[in-house]
Amino acid sequence: MERGAIPTDEIAGAVDVQATLESGQTYLWWRPDGTTYETDGASGGDAWYRTVVDGDVVEVRQTDAEIEWRSTTDADPLVRDLLGLRDDLYEIRAAATGDDLATAAWDAYDGLRIVRDPFFGCLISFICSAQMRVERIFAMQESLREHYGEPIEYDGETVHAFPEPAALAAATEDDLRDLKLGYRAPYVQRTAEMVASGELTERDIDGRAYELAREELTEFVGVGDKVADCVLLFSLGYLEAVPLDTWIRSAIEDHYPDCDRGNYADTSRAIRARLGPYAGYTQTYLFHYLRSGGDE
DNA sequence: CTCCAGGGAGCCT
DNA sequence: AGGCTCCATGGA
């Protein structure tokens, strides 16, 4: 096992690992100590978090002046990527053009960064997110890992990676329904099949102009505009992407009513124009802030 | 009991 | 393009 630490003062802007990993933007990290998000939220400040990327286990925790990591590999560059530590939060916040609500959200969770999840895991987890509570989305991904993920021996225990596309493609709809995926089961199976067969993959999407990339993503089964935006924002680094979910729609209704243009594409353009070039960043702060009851 | 959760597909006009 | 309706599951 390799270990290392990234001094926080090397990072442009604040870092808050707990806010980053528990704000509902990624479902691919978990606490290896078994404590859960939400219920033990206040105690997660110095907890370890674990994920698996390309067969390597990666663990991080935040201490006073460092982001500490342990891994099966030299994970320093990987951790910087995964947690958005390369984002210049000073610049990003300076470019944010919201209102009092946006300012309050940024102030409340300073240091929350946009993650860069691996593409396939991000895609599947957000397909699962449809009409589902945050806590249960975590549970569904854990179930997928335990049943279909490659086992890795690590520090005396067995850790399961997120399933490979071929593994989920080989599952049947009924298999996945048994894992309580509900009507999302066939979406997950068919999308996994598309990736596994090469019909549509990350390479066909990453790098394309934002709106084209979003449209392309909706070719996956179970992926509409909202889930596509989540993948663009939380995996591929399209920081302008604003997932229009129930929470941000409510915020638009209350705080930016003129941005509601009646359809997804036009409302998206209007809210992006309102929030600035890193609109997805502000959206994620708003989502976490509103969902945590900060607007009360 | 009803209502709802980080929506999307299928079908209709 | 825009407007239904249905879709599983579990907690409030």
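Just so we're clear, the structure is a prediction, and the values are computed from it rather than from any experiment. Proteins come first, then strands; the chains are lettered A, B, ... in the order of their sequence lines, and each starts at number 1.
Comparing B:dC3 with C:dT5, their P atoms are spaced 15 Å from each other, to the whole Å. The gap from the P atom of B:dC11 to that of C:dA8 amounts to 15 Å, rounded to the nearest Å.
Nearest-nucleotide mapping onto DNA chain B: of A:Tyr187 and A:Phe287, the residue sitting toward the 5' end is A:Phe287. In this structure, A:Phe220 and A:Thr26 both approach DNA chain B, and ranking their closest nucleotides by distance from the 5' end singles out A:Thr26.
For B:dG10, the paired base is C:dC4 (Watson-Crick or G-U wobble, both distances below 3.5 Å). Base pairing analysis places B:dC1 opposite nothing; no Watson-Crick or G-U wobble pair with both distances below 3.5 Å involves it.
Checked against A:Tyr278 for a side-chain hydrogen bond (donor to acceptor under 3.5 Å, both in side chains), the options A:Gln283, A:Glu91, A:Arg93 give a single hit: A:Glu91.
A:Thr172 and A:Asp175 share a donor-acceptor pair across their side chains, judged by distance under 3.5 Å alone. Looking at A:Asp117 and A:Ser235, their side chains never bring a donor and an acceptor atom within 3.5 Å of each other. When only modelled atom types and interatomic distance are considered, A:Tyr281 and A:Asp87 share a side-chain donor-acceptor pair under 3.5 Å.
Put simply, the side chain of A:Tyr264 and the base of B:dG7 share no donor and acceptor less than 3.5 Å apart.
Taking only side-chain atoms of A:Arg177, from C-beta outward, the nucleotide of C:dG10, C:dA8, B:dG7 with the closest atom is C:dA8.
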